[in-house]
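To keep things clear, I will list the structure first and then write my remarks on it.
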Protein chains: 2
Amino acid sequence: MTDRTPLWQAIAATLRAEIETGHYRPGTRIPSEAALAARFGVNRHTVRHALADLAEAGLTHARRGAGVFVLARPTDYPLGRRVRFSQNLAAAGRSGTHRFTRLETRPCDAGEAEALALTQGDPVHLVEGLSLADDQPVALFRSVLPGRLEGFLEAARDRQSITAALAACGVADYTRASTRITAKLASATQGALLQLPQGAPILRSVAVNVDGGGRPVEYGRTWFAGDRVSLVVG
Amino acid sequence: MTDRTPLWQAIAATLRAEIETGHYRPGTRIPSEAALAARFGVNRHTVRHALADLAEAGLTHARRGAGVFVLARPTDYPLGRRVRFSQNLAAAGRSGTHRFTRLETRPCDAGEAEALALTQGDPVHLVEGLSLADDQPVALFRSVLPGRLEGFLEAARDRQSITAALAACGVADYTRASTRITAKLASATQGALLQLPQGAPILRSVAVNVDGGGRPVEYGRTWFAGDRVSLVVG
DNA sequence: GAGTATTTGTCCGTATGTATT
DNA sequence: TAATACATACGGACAAATACT
């Protein structure tokens, strides 16, 4: 019985298995195209065809002059009605932390006013920061909360958690009213903060969270490193 | 009472309103920075600050040497447990259609086998196509379905609908088991099909749909034009 | 900083088997 | 059957980015 599966598919399957069993670990380099061609006894182009398949599936990424690297499997980031950022990464088996880079109270602009059902110029609390998974930046966030929540900023600074700070302000529970997700390209500053090249793909999510009574309590925008995160729905 | 809202915010709000009321239509150019500066009686840099705000919000896009253009409002694409592609765009008040570009049955590869709980080489039906909203391409999709669904391809061709074809094969209802969303850059071919430049941001969603008994019936991958679609959760 | 070797990306070509017309 | 198109596989050459000395 002749084997009719193309060579490149067989090679791709072999490499895929070796990545998934951990023989080639995330972040490490796999052998060069020339080395793989020698190992499988095929032409370099045949190896390239297989590698293209892996890259298309998001398993590897080639850097010219450097080699082909195994990508970390994107951190799953569940999106549900009752999702807390800090819990997500913990659930994914990663050490998830975040750093607040800005905490202030100021008048809101038109967009923020619309999202939070306020009128322009009303005071809002602003929290900006950076989410890290295993010490690697995965997301930038900017949360805007209505100014009626007195003492929110201090609570956020002390507890280093938006959820805990909301609880301290009497908002014990809140749910995700809606989330919009679009793809953008990283700006220079976003790229610098997320340690991505400018022009790298990022996911922008815009979410409005409401309290038990349906009143908006948080207008959050988050920019995820597109290749380090996958948002999971359902 | 003195007005304490910054000039640039007032200008941004004015332009935002003019875009949203349709005074400036998607795809068209808004007046030059110099013209806007003259209109509002401010320095060009103040106008630039306002325009930067609009661009950051995804309303406009500046092209050096050409001008500032109004972007089409992204089509909202709800993601729920029981979501049908064709219904989405209709619900968004747009004329949503899709064209199938490929219909065939062939042995599955390793990744498809894992997603559908099959073994590699088992026959699967493949449906590829293009989703259009108002005659503008918004998404590419590739659905893979287990080969045990006899007559699926013919049903899909006749009815031009995956949902209807599944119903014809006895799968009356199916739900979204999980969806993963990541951001990628458009490849050359994706860009050509979606009428986007290569390197434009796209959303890749990978979904597995299951029948009532929890058996996988569809492994669908969709690539959305990142700036023409926003996925809505909740 | 300069120079060299390595590695991937892209192009040229050739040949063969398979499926479609 | 013949012509055509397509996928697969191999070989070579050079460019571009990177790594290393």
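Naming convention: chains lettered A, B, ... in sequence-line order (proteins, then strands); numbering from 1 in each chain. Since this is a predicted model, take the numbers as computed values, not measurements.
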Distance, rounded to the nearest Å, where [X] contributes [atom1] and [N] contributes [atom2]:
{"X": "Glu104(B)", "N": "dA19(C)", "atom1": "CD", "atom2": "P", "answer": "13 Å"}
{"X": "Phe69(A)", "N": "dT6(C)", "atom1": "CZ", "atom2": "P", "answer": "17 Å"}
{"X": "Arg106(B)", "N": "dC6(D)", "atom1": "CZ", "atom2": "P", "answer": "18 Å"}
{"X": "Glu33(A)", "N": "dT18(D)", "atom1": "CD", "atom2": "P", "answer": "16 Å"}
{"X": "Arg63(A)", "N": "dT18(D)", "atom1": "CZ", "atom2": "C1'", "answer": "7 Å"}
{"X": "Ile30(A)", "N": "dT6(C)", "atom1": "CD1", "atom2": "P", "answer": "19 Å"}
{"X": "His61(A)", "N": "dG9(C)", "atom1": "NE2", "atom2": "P", "answer": "8 Å"}
{"X": "Gln9(A)", "N": "dA9(D)", "atom1": "CD", "atom2": "C1'", "answer": "14 Å"}

Lys/Arg-Asp/Glu bridge criterion (N-O < 4.0 Å) met for Arg221(B), Glu112(B): yes
Step-by-step ring-ring contact (aromatic ring centres under 6.0 Å, His included) determination, Phe69(A) to His61(A): CA-CA 5 Å; Phe69(A) 295 84; His61(A) 180 244; 8.2 Å; no
Name the closest nucleotide to the [X] side chain, picking from [options].
{"X": "Trp8(A)", "options": "dT8(D), dA16(D), dT7(C)", "result": "dT8(D)"}
{"X": "His45(A)", "options": "dC10(D), dT8(C), dG12(D)", "result": "dG12(D)"}
{"X": "Leu7(A)", "options": "dA9(D), dA19(D), dG9(C)", "result": "dA9(D)"}
{"X": "Val42(A)", "options": "dC10(D), dT10(C), dA9(D)", "result": "dC10(D)"}

side-chain contact (heavy atoms from CB on, under 4.5 Å) between Leu15(A) and Leu36(A), intermediate numbers included: CA-CA 10 Å; Leu15(A) 293 176; Leu36(A) 289 174; 4.2 Å; yes
Ring geometry between Phe141(B) and Phe100(B) (parallel below 30°, tilted from 30 to 60°, perpendicular above 60°): perpendicular
Does [X] have a side-chain nitrogen or oxygen under 4.0 Å from the phosphate oxygens OP1 or OP2 of [N]?
{"X": "Arg48(A)", "N": "dG9(C)", "answer": "yes"}
{"X": "Thr46(A)", "N": "dC10(D)", "answer": "yes"}
{"X": "Asn43(A)", "N": "dG11(D)", "answer": "yes"}

Distance-only donor-acceptor test (3.5 Å): side chain Arg44(A), base dG12(D): no
Nearest-0.5 Å distance that lies between atom CG in Leu140(A) and atom CG in Leu193(A): 5.0 Å
